[in-house]
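A quick write-up on the structure given underneath.
None of these values were measured; they are calculated from a predicted model. We use all heavy atoms of the structure for the numbers below, so side chains are in, but hydrogens, waters and symmetry mates are not.
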Amino acid sequence: MSCLTIICPNAKRVQVKTTPIMLIRQVLEEACLKSGFEVNSHRLQTQSRKPIDPSLPFRLSGIPNNATLEMIRKEVSSENAMIDLAIQSGSGARHQKKVNVNVMLLDVLKDFTTEFGEDLATTVDGSVPCVVYMNKRYTGAELAVNSLSSLGVSTGKCLIRYMRVKLNAEELSAIEARLKEEMDRKKAMDANFSKLKAENEERNRLEQLRQEAFDKDKDERKKREQEQLKAIIPEKTVPENVEMDTSGPQHRDVLLEVPQQDPNSWSFDGPAFSRPAQQNTMRLEELNRLLERTNNSLETSSRESRMDAMVNALADGGRITLAEVRTRADIAMEQEQEVAEVFGEACDRQAVIFKKGAKVQVDEPMETEEFFEVGLDDVRNMQKDLRKAVRDQTQASFVSKDYLVKKNRQLKMDAYKHTVVRVNVGEHILQACFNTNEQSSNLDVFLKSVFKRSDWKLMFTNMKVVTSEVKNFVDLELAPKSTLISTFGGQSVNAADVVQNISEVTQEEADRIASQWLSINKTFIPFNSTVNDDRKQKRTTTDTTFSAPSSGPPAKSAMPKWLQTGRK
């Protein structure tokens, strides 16, 4: 039996023993009973903050044995939530209606009596009612003590299967004994639940009082500092709209260059200014700001950056006021605004329509058991892939995520010059050609000109395609070619009734037009810079620029010395 460790909101760790068929909802209930928290107000998540579906059994949740999970408060939800429940009988009949998640399964079966024309909750000829959800059966007396909420279902839609099974006296007694044991175990945990809940409420009350006292003391301290600052510095040198942060430790920076001719003439009367001392907690933020300034300086090298402007002002006057700092920063931010993107011109659409070809089903032979066995070559390939993934993670260059996104977008724009979009219309496919750097809204303009009806919309798998005047086909991930689905209010249509002014061709002719239009495109290679790649590139450039007569000792050979030429 495996065990899960749950970290509660009060930093307490609770261990819960699990079985493969145990629901995540049951794990949460036991953890809440052991720590004094309400079950309906909390949920479980991994340490990477990924939520876990409470309706899944442990073996289907993807959680490893002896894992550590976190219990956090979830969004406020109604206690009497309604869901769409569908029940499917053994004959294949299925009926659906809205039910409360806190109603017991036995009462739910009684509510479906009218739909199925029989009482599903009664025992007929020794066959007791049984429902199956997530490959787990709830039979007989278990239906009266379990609700949809205890199964982990709280929102959305749910489907359960209904059947009748015959049980002998021993099986019925085993079910009753198991239920009695579960009830006794919960009663034992309920005895300590009230005490733990009271401790949690008292702890939350004390934390709230401490937070209120801290906020009040912080406001008073800030007012006192502002009054002291006004008393020391005249109001004309400190504008009202500029605040000075004096809460952190301060230290004095002075000019470190000692005069060469007369070192004794150096004093503390030179230009100096105070700034907050660096702290370890701000190290990461300073590195991120440094990286952002470096990227901005590389992109706009011809213009003066904010830091350069402040340094020049400090060097000219010796001191710089806070008002001047803010003015220069605002001017620099206005200058660093990005230039609006220029979109390409519209091209000849070469629009055609063709009928889908019939799919020929080929009976493939069944794979043998040897095909699924993991051999030595498979292990080597997996090891190679793992080493590559580790190398990409550990040797990645120190660049920002925004830079990678912009770099890959530019590479796609350079590689994908043309785009072909196909739209499924009933039994036909509509094909049109576009320039990749066009506005994606031109796709809607084209479809409006060829569709007779206006109640259409485009879908990509199960997502709606939303075009825009400020995004091109690369931004919508439609380049270099994509196939979309057109829907007309959920009705099946014929292409001849909704499409106009488009010539119909064969599928081979449409493929030829698409291939000819996409022939100008190049292969897109994602930008994934690593430290070793950068060093190799620099070393290659240096070697080709400055060629030396000797390039060091010769490379070692894997052959033995007696087999190598010129050696003994």
What pairs meet the salt bridge (charged side-chain N to carboxylate O under 4.0 Å, His left out) rule with one or both residues in residues 420-440, with sequence neighbours excluded?
-> Arg349-Glu438, Arg422-Asp511

Does any non-hydrogen side-chain atom of Leu44 lie less than 4.5 Å from one of Ile6?
-> yes

Applying side-chain contact (heavy atoms from CB on, under 4.5 Å), name anything that partners Arg73, two or more places apart in sequence or on another chain.
-> Ser41, His42

May I ask you to check whether over 12 heavy atoms, not counting those of Lys97, lie within 6.0 Å of atom NZ?
-> yes

Non-neighbouring partners of Gln350 that pass side-chain hydrogen bond (donor to acceptor under 3.5 Å, both in side chains), sequence neighbours left out | none

Taking the side chain as every heavy atom from C-beta outward, state whether Arg13 and Thr68 have any atom pair closer than 4.5 Å.
-> yes

Please list all pairs passing the salt bridge (charged side-chain N to carboxylate O under 4.0 Å, His left out) test where one or both residues lie in residues 49-62, with sequence neighbours left out.
-> none

Set of residues satisfying salt bridge (Lys or Arg N to Asp or Glu O under 4.0 Å) with respect to Glu504, sequence neighbours excluded | none

When you look at CG of Leu376, are more than 12 heavy atoms from neighbouring residues, nucleotides or ligands closer to it than 6.0 Å?
-> yes

All pairs passing salt bridge (charged side-chain N to carboxylate O under 4.0 Å, His left out) where residues 446-460 contributes a residue, at least two apart | Arg453-Asp455

How would you list, by chain and number, every residue that makes a side-chain contact (heavy atoms from CB on, under 4.5 Å) with Asp402, sequence neighbours excluded?
-> Ser400

Output the distance between atom OG1 (Thr436) and atom CG (Leu478), rounded to the nearest 0.5 Å.
-> 10.0 Å

If a pair satisfies ring-ring contact (aromatic ring centres under 6.0 Å, His included) and one of its residues is in residues 484-519, list it, with sequence neighbours excluded.
-> His418-Trp517, Phe451-Phe488

How long is the gap from OG on Ser149 to CG on Asn40, to the nearest 0.5 Å?
-> 5.0 Å

For Gln500, does the CD atom sit with more than 12 other heavy atoms under 6.0 Å from it, leaving out its own atoms?
-> yes

Not counting sequence neighbours, which residues clear salt bridge (Lys or Arg N to Asp or Glu O under 4.0 Å) with Asp497? List them please.
-> none

Please step through side-chain contact (heavy atoms from CB on, under 4.5 Å) for the pair Ile83 and Val153, ending with a clear verdict.
-> CA-CA 9 Å; Ile83 67 167; Val153 180; 3.4 Å; yes

Taking only residues two or more places apart in sequence, or in another chain, which ones meet Val390 in a side-chain contact (heavy atoms from CB on, under 4.5 Å)?
-> Thr394

Dump the intermediate steps for side chain to side chain donor-acceptor pair (under 3.5 Å) on Ser468 and Ser440, then the final yes or no.
-> CA-CA 6 Å; Ser468 174; Ser440 58; 5.4 Å; no

Can you sort out the partners of Lys98 under side-chain contact (heavy atoms from CB on, under 4.5 Å), two or more places apart, ordered by chain and number?
-> Met82, Asp84

Considering residues at least two apart in sequence or located in another chain, which fulfil the side-chain hydrogen bond (donor to acceptor under 3.5 Å, both in side chains) criterion with Ser519?
-> none

Can you list the steps and then say if Leu4 with Leu69 is a side-chain contact (heavy atoms from CB on, under 4.5 Å)?
-> CA-CA 7 Å; Leu4 294 177; Leu69 305 178; 4.2 Å; yes

